[in-house]
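Computed from a prediction, not measured in an experiment: that's the story for all the values here.
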Amino acid sequence: MKAITVLGSTGSIGRQTLEVATWRGYRIVGLVGGRDARTLLDQARRFRPPLICCHPETAAAVRPHLPVGTHLVTGVEGSHEVATMEADRVVAAIPGFAGLAPTRAALAAGRHVALATKEVMVVAGPLIWEVAKESGGQITPVDSEHSALFQCLQGEDPAAVDALVLTASGGPFREGPDDLSSVTPEQALRHPTWSMGPKVTIDSATLFNKGLEVLEAHFLFGTDLARIEVVIHPQSLIHGLVRFVDGNIKAQVGPHDMRLPIQVAIEHPERPATPLAPLPLSGVWEFQEPDQKRFPCLDLGYRAGRSGGLAPTYLNAADEVAVAAFLSGKVPFTAIPEILEQVLDRCPQTRLSWDTLELADLEARAEAERYTLRR
Ligand code: MG
């Protein structure tokens, strides 16, 4: 039975990974949670991992209630300790830039990473591949669109690929209103098809999530940005398509349930059964062009990718700040692309390296905070 480590176990992907673990009977060797002491303790009691990690400020609430045989570590060093443990798969699901360091540590230790944290590829793709190459570490994608593309590309000659096509649901504002300046966080958090964490749900409402996913595909599969396309597919049943030079298109179809791509990322190339209901093939399946005017965040992803270097890092950091400001009511929904564009304009032409990356993230956050306050 596979031994699994989960980084970000208390978040949406982490919790769904543990559901897959329950039906597959995985042995959980390590969990990294954040500040949600109750969920982390519930998980520790259920799965009895030898090692868990939480935020230092949460440790006092966790330590007295640890099950026998489970050891607690904290902070960045603690998360590295868990990430590098002996395991068959490390599911990397800590959202945002914070997920980069433990994922890097797992890969450097030669682990096979099931990667849910798209920001890892977006901000550090070339560096991450260098680490994996050196250590023999492997990466399989969890993000549903990339899982789809990964599956469609199996056994295919990369030279025969004409384009990768990512589908997007279009989010809660696909059909309106035309003016998005007064939409509320509650409205933006109401995603029509997927159940996800708050950051990625807002990113789906702005289509920024698809901008990030274009960059993720670019770095994950080594495909030129000019050959990565986005199409709106409101039913979220086709997750990705590969068009080949001979005109054939391969698509991956499946229920919009993240437990399926999680299991694929852990089990590939095997396909064990799941308890998920078979997908009915009736009903309307439509495709539309994305509305670039109402959702400028998608194009900002392409723009950052064409600039290269630290631009994706700047864009990602600005979005983490802008989305938090929108969720706390400090700025309107339409300020998000404005903040991203302003911060992206300030990105220096510095080479991407592990040293420049961390500083660039901090600088971009500070820029974004300044624009947020000025509004
Ligand atoms: Mg996705």
Side-chain angles (χ1 to χ4, degrees), residues 12-13 16-17 19-20 23-24 91 93 114-116 118 121 139-158 160-172 174-175 191-197 200-201 203-205 207 209-214 216-218 220-221 223 227-290 298:
S12 173
I13 295 289
Q16 295 184 78
T17 300
E19 287 176 35
V20 175
W23 77 48
R24 292 293 306 140
V91 177
L115 183 64
K118 59 193 71 172
M121 272 296 144
I139 302 169
T140 39
V142 167
D143 207 349
S144 59
E145 296 79 358
H146 304 75
S147 174
L149 297 172
F150 175 76
Q151 292 177 65
C152 291
L153 288 168
Q154 292 303 309
E156 300 289 354
D157 176 1
V161 173
D162 181 44
L164 306 181
V165 185
L166 298 151
T167 59
S169 71
R174 180 176 58 86
E175 292 188 299
H191 196 275
T193 50
W194 291 100
S195 155
M196 306 178 289
V200 62
T201 305
D203 284 343
S204 296
L207 285 198
N209 183 50
K210 220 43 65 176
L212 281 183
E213 290 183 351
V214 165
E216 184 186 7
H218 169 59
L220 195 57
F221 302 112
T223 307
R227 293 197 297 134
I228 302 176
E229 300 170 10
V230 171
V231 68
I232 302 292
H233 166 52
Q235 292 78 25
S236 299
L237 298 172
I238 299 170
H239 305 295
L241 311 94
V242 177
R243 193 172 62 233
F244 295 94
V245 289
D246 64 359
N248 274 299
I249 293 176
K250 266 168 88 175
Q252 183 267 346
V253 181
H256 38 80
D257 187 319
M258 283 310 295
R259 293 174 297 179
L260 193 49
I262 290 168
Q263 177 168 305
V264 170
I266 293 173
E267 295 285 353
H268 176 82
E270 277 155 43
R271 284 194 186 278
T274 69
L276 301 179
L279 183 68
L281 290 175
S282 54
V284 179
W285 296 32
E286 47 182 330
F287 292 106
Q288 302 160 357
E289 285 298 314
L298 172 60

* Asked: What heavy-atom pair brings I13 and A93 nearest, and what distance separates the two atoms?
  -> CG2-CB, 3.7 Å
* Asked: Does E145 have any salt bridge (Lys or Arg N to Asp or Glu O under 4.0 Å) partners at least two apart in sequence or in another chain, and if so, which?
  -> K210
* Asked: Listed by chain and number, what are the side chain to side chain donor-acceptor pair (under 3.5 Å) partners of T140, not counting sequence neighbours?
  -> H112
* To do: For E289, enumerate each residue passing the side chain to side chain contact (heavy atoms under 4.5 Å, CB included) test, keeping only those at least two apart in sequence or located in another chain.
  => none
* Asked: If you take all heavy atoms of Q288 and P234, which pair is closest and at what distance?
  -> NE2-CG, 4.3 Å
* Show the numbers, then the answer: is there a side-chain contact (heavy atoms from CB on, under 4.5 Å) between L166 and H146? => CA-CA 8 Å; L166 298 151; H146 304 75; 4.0 Å; yes
* Between the side chain of E213 and the main-chain N/O of K118, is any donor-acceptor distance below 3.5 Å? -> no
* What residues, two or more places apart in sequence or in another chain, satisfy side chain to side chain donor-acceptor pair (under 3.5 Å) together with T274? -> none
* Structure fact -> Rounded to the nearest 0.5 Å, the OG atom of S236 sits from the CH2 atom of W285 at a distance of 11.0 Å
* To do: Measure the shortest side-chain to side-chain distance between E229 and R243 over non-hydrogen atoms and say whether it is less than 4.5 angstrom.
  => yes
* **side-chain contact (heavy atoms from CB on, under 4.5 Å) evaluation trace for V242 with V161** => CA-CA 7 Å; V242 177; V161 173; 3.9 Å; yes
* Asked: If you round to the nearest 0.5 Å, how far is CG of D143 from CG of L212?
  -> 9.5 Å
* Asked: Atom CG in L241, atom CG in L149: separation rounded to 0.5 Å?
  -> 8.0 Å
* Is there side-chain contact between Q151 and V264, with at least one heavy-atom pair below 4.5 Å? -> yes
* Any side-chain heavy atom of R174 within less than 4.5 Å of one from S169? -> no
* To do: Indicate yes or no: at least one non-hydrogen side-chain atom of Q263 is less than 4.5 angstrom from one of P272.
  => yes
* Would you check if L207 and P290 make a side-chain contact, meaning some heavy-atom pair closer than 4.5 Å? => yes
* **Results of side chain to side chain contact (heavy atoms under 4.5 Å, CB included) for V231 - residues two or more places apart only** => V165, T167, F287
* Listed by chain and number, what are the side chain to side chain contact (heavy atoms under 4.5 Å, CB included) partners of T223, not counting sequence neighbours? -> L164, F221, R227, I228
* Can you check whether L153 reaches F150 side chain to side chain, under 4.5 Å on heavy atoms? -> no
* Roughly how far apart are N209 CG and E216 CD, rounded to 0.5 Å? -> 8.5 Å
* Between H233 (side chain) and L237 (backbone), is there a donor-acceptor pair under 3.5 Å? -> yes
* Donor-acceptor under 3.5 Å (H256 side chain, T193 main chain) -> yes
* Asked: Any salt bridge (Lys or Arg N to Asp or Glu O under 4.0 Å) pairs touching residues 268-284, not counting sequence neighbours?
  -> none
* **By side chain to side chain donor-acceptor pair (under 3.5 Å) - contacts of R259 (at least two apart)** => E19, D257
* **4.5 Å side-chain heavy-atom contact, V230 and L298** => yes
* To do: Examine distances only and state if a side-chain atom of T201 and a backbone atom of G197 form a donor-acceptor pair shorter than 3.5 Å.
  => yes
* ring-ring contact (aromatic ring centres under 6.0 Å, His included) involving H239 - partner list, sequence neighbours excluded -> W194
* To do: Using the test side chain to side chain donor-acceptor pair (under 3.5 Å), find all partners of S144 that sit at least two apart in sequence or belong to another chain.
  => none
* To do: Could you name each residue pair satisfying salt bridge (Lys or Arg N to Asp or Glu O under 4.0 Å) that touches residues 147-158, not counting sequence neighbours?
  => E156-K250
* For E175, all residues meeting side chain to side chain contact (heavy atoms under 4.5 Å, CB included), sequence neighbours excluded -> none
* **Any L115 side-chain heavy atom under 4.5 Å of V142 side chain** => no
* Do you know the tightest heavy-atom contact between C152 and Q252? -> SG-N, 3.7 Å
